[in-house]
Amino acid sequence: MDANPLCIILVKNGSRGDRLLFRYPYSDDNALETKTKAKRHNPYSMLGDGTPQTSTIRCTSNISNGKLTGFSDKVMSNLFAVKSELCDSKFELKVNDVRFVGHPVRLNPTTTHGRHQDRRKPSTIILFNIVFALKATLNHDVVNCYHDLSMRLGLALRHEEYRCQFLSSEARIMLAAHDEASQLPEDGQISPFQLILDRSLFARHLRQVYEELCGSGIVQLRLNKWIQVSFCLPQKVHHSLATGKFIDYEGLLRGLQTLKPYHTLLLLVERSELLRSLSADASPALRRLLHVESALTPFYTLAADADLTLPQVFMLVGHLVYWGKGTIIYPVCSTNVYVLSPNAPTVINSQLAERFSEQFPGSSLHAALAEFSFPISLSDKCHPMTYPHQQQEQVQQVLWLLKHGLLQQLHTYVYLAPPPTSSDSGSGRLSGREIGGTGQLGSHGTSSPASTSIPTPTVHEPPPLSHDPPSLTPHPQQSHQADIIGDALHHAAVQLSQPASESDLGSVCSDERSPSPGVSLNTIPEDYIRRRLDTFLSPAEKEMVMKVEAAQNPEDLKLFAKLCVYFRGRHHLEEMMYRANLWRSELLQAIDKFRQVLITCQHPDDSFTLTAHTK
């Protein structure tokens with residue numbers, strides 16, 4: 001998918017009719033082409049061989065070498081200088097294999113906001129339209145982005161027209177160039193658009209917009225040296241960062257809505273370069289965040305260090321990711337497991353290999369990738385006997401590989417899978433309740449937004465464990481298990497009613513203290529565990545869990561009742577640690593004690609891995 005525009009066109013409509021003022025790129029022989037196409041062919045003329053010309057070849061393509069062809073200036077002015085009723089709304093037109101998109105803007109000739117209003121002549125321009133010509137095969141989200149850019153340029157140009165009649169003066173320059181080019185003799189003809197580029201500031205602005213869209217996909221324009229117009233084409237920007245695939249725009253927005261406090265930001269550009277590129281009126285909160293940013297620190301710590309709230313951090317990080325300045329990762333620590341990305345280029349002579357050698361002299365990219373052919377944790381990769389500077393270099397290499405999308409992190413998910421019973425074998429399959437649970441934990445996915453604005457991420461808090469759904473009735477149990485279950489539940493409920501100790505505070509990375517919201521267990525009813533197990537487990541699952549030896553220990557059963565809601569394969573270990581407020585060692589011990597009914601697997605977390613939303 002080529003998201004580059006074919007052409008950018010400026011048309012106006014005024015008291016003297018409609019007129020195409022400028023388009024870029026243009027052909028030097030446009031005038032000759034127009035004259036040739038203006039000649040009317042005689043349908044009764046005979047070809048050289050005597051065969052009558054009964055039909056003409058119909059043009060089905062208006063794209064040649066990535067440029068727009070087949071439309072004269074008069075045709076485009078008639079198409080795009082729309083009626084006043086269509087102004088200030090989206091304009092979209094498809095002709096053959098070309099789609100035109102714009103945002104017509106209506107002007108009020110009597111409105112001026114500058115000084116010495118009475119000395120100025122009223123503008124004769126009624127409306128203008130900045131139109132982008134695109135390939136008709138582009139996705140609708142790309143078309144919406146170009147419409148957003150046309151609207152931004154139109155609103156900025158209208159503001160300058162009201163302030164200093166910028167558009168009127170530029171239109172006079174363009175019309176004079178058209179008249180001058182039409183009066184030149186045939187042997188000295190020159191394209192009027194070349195004259196316009198030499199004389200018109202706004203024409204050079206439009207050329208800059210076209211070149212930046214075809215280049216980086218980021219437009220940074222100061223219109224008339226006054227108004228800043230910024231735009232990002234995410235399909236172009238994130239395609240250049242990924243390795244050979246496009247990022248799904250809707251998937252990108254969904255990924256920005258799933259940010260968690262235990263995630264962190266990995267800058268894709270140098271911090272000093274990013275700070276220099278910020279405008280003078282950039283947000284001070286963004287500057288503070290960039291000064292404390294670290295790929296080893298989660299968002300909740302960055303928020304505290306930068307004196308910001310988590311929603312503020314999420315908003316700033318969302319903008320940086322949207323503009324291709326960063327990506328979302330889990331904080332790098334020794335327990336992280338990485339594996340080679342399926343999109344990683346493994347050719348011998350690649351530009352990434354040369355850049356890796358320049359960044360890390362004496363190291364080979366392919367040797368570094370070979371170490372991650374199979375999943376491996378950083379603690380296994382970094383030998384404890386290596387020097388500290390060597391370990392730091394290995395961490396920097398991992399960050400470089402993550403920055404270029406060559407590695408992906410694998411997370412551990414836990415599934416509750418008790419052994420099949422005789423009743424299960426008789427029915428042939430488990431019911432929906434036994435397979436998927438009660439569904440108390442809803443999916444965190446959200447619908448894709450209709451607009452092109454960056455969504456505001458929300459902080460996902462863990463569900464309160466002290467709240468029980470109404471109308472809970474315990475499932476009947478077998479008589480020989482009733483006494484054992486009741487006794488174990490009674491002792492565990494007594495333990496749950498006690499205040500949480502200092503050791504209950506969990507960690508998210510490298511055994512650091514986590515300020516997660518946690519769960520208040522100060523006041524727990526005696527039948528809390530019974531209700532919780534009845535809510536999230538089926539009778540067969542509850543029976544098999546109570547048969548496990550660790551279930552006879554009140555502490556272990558209390559912890560299992562706290563974690564059983566996460567044993568459906570929807571939450572990885574890091575999220576369990578944050579939601580349940582546990583140390584990693586405590587969580588792993590609990591899983592090991594109930595390993596008879598639990599299974600684990602490793603796969604990437606696609607909910608926030610932005611590079612996974614590809615087409």
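What you see is a predicted model, and the numbers here were worked out from it, not measured in a lab.
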Where do [X] and [Y] come nearest, in terms of heavy atoms and distance?
X: I196; Y: A203; answer: CG2-CB, 3.6 Å
X: V209; Y: L221; answer: CG2-CD2, 3.9 Å
X: S200; Y: M174; answer: OG-CE, 3.4 Å
X: Q220; Y: S230; answer: OE1-OG, 3.0 Å
X: P298; Y: P261; answer: CB-O, 3.7 Å
X: G324; Y: V237; answer: CA-CG1, 3.7 Å

Any sub-3.5 Å donor-acceptor pair from [X]'s side-chain atoms to [Y]'s backbone N or O?
X: R288; Y: A306; value: yes
X: Q602; Y: L410; value: no
X: R204; Y: L197; value: yes

If you round to the nearest 0.5 Å, how far is [atom2] of [Y] from [atom1] of [X]?
X: T258; Y: L253; atom1: OG1; atom2: CG; result: 11.0 Å
X: L302; Y: L310; atom1: CG; atom2: CG; result: 9.5 Å
X: D198; Y: I190; atom1: CG; atom2: CD1; result: 7.5 Å
X: S168; Y: I173; atom1: OG; atom2: CD1; result: 11.5 Å
X: Y338; Y: Y330; atom1: OH; atom2: OH; result: 9.5 Å
X: L256; Y: M315; atom1: CG; atom2: CE; result: 10.0 Å

Query raised in the report: When you check the side-chain N and O atoms of S341 and Q408, is any donor under 3.5 Å from an acceptor?
Result: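 There is no such pair between these side chains.
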Requested in this report: State, without any angle test, whether K236 and N4 hold a side-chain donor-acceptor pair at a distance under 3.5 Å.
Outcome: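 The criterion, which ignores hydrogens and geometry beyond distance, is satisfied for N4 and K236.
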Query raised in the report: Do NZ/NE/NH1/NH2 and the carboxylate oxygens of D605 and K260 come within less than 4.0 Å?
Result: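 Judged by the 4.0 Å cut-off on N to carboxylate O distance, D605 and K260 do not form a salt bridge.
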Query raised in the report: Salt bridge or not for D18 and K74, using N-O below 4.0 Å?
Result: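 Judged by the 4.0 Å cut-off on N to carboxylate O distance, D18 and K74 do form a salt bridge.
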**Report entry** With sequence neighbours excluded, residues passing side-chain hydrogen bond (donor to acceptor under 3.5 Å, both in side chains) with R106
**Finding:**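 Partners of R106 by the side-chain hydrogen bond (donor to acceptor under 3.5 Å, both in side chains) criterion, ordered by chain and then number, come out as S84.
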Report task. Step by step, work out the side chain to side chain contact (heavy atoms under 4.5 Å, CB included) result for V105 and L157. Result -> CA-CA 9 Å; V105 177; L157 187 57; over 6 Å; no
Any idea how [X] and [Y] line up, ring-wise: parallel (<30°), tilted (30 to 60°), or perpendicular (>60°)?
X: F100; Y: F80; value: tilted
X: F231; Y: Y146; value: tilted
X: F193; Y: F22; value: perpendicular

Query raised in the report: Can you find a heavy atom in the side chain of E92 that is under 4.5 Å from one in the side chain of H140?
Result: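 Yes; the side chains approach each other to less than 4.5 Å.
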Query - Close side-chain approach of S279 to Q228, heavy-atom, < 4.5 Å - result: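 With C-beta onward as the side chain, the pair stays apart.
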**Report entry** Pairs meeting criterion side chain to side chain donor-acceptor pair (under 3.5 Å) with involvement of residues 172-182, two or more places apart
**Finding:**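 As it turns out, the side chain to side chain donor-acceptor pair (under 3.5 Å) pairs with a partner in residues 172-182, which skip direct neighbours, are E180-R199.
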Report task. Starting from the C-alpha separation in whole Å, work towards a yes-or-no answer on side chain to side chain contact (heavy atoms under 4.5 Å, CB included) for L21 and E170. Result -> CA-CA 9 Å; L21 297 179; E170 293 295 306; over 6 Å; no
Can you give each donor-acceptor pair under 3.5 Å made by side-chain atoms of residues 350-363, sequence neighbours left out, with the distance rounded to 0.1 Å?
{"from": "S350", "atom 1": "OG", "to": "A353", "atom 2": "N", "distance (Å)": "3.3"}
{"from": "R355", "atom 1": "NH2", "to": "H404", "atom 2": "NE2", "distance (Å)": "3.2"}
{"from": "S357", "atom 1": "OG", "to": "A353", "atom 2": "O", "distance (Å)": "3.0"}
{"from": "S363", "atom 1": "OG", "to": "Q397", "atom 2": "NE2", "distance (Å)": "3.3"}

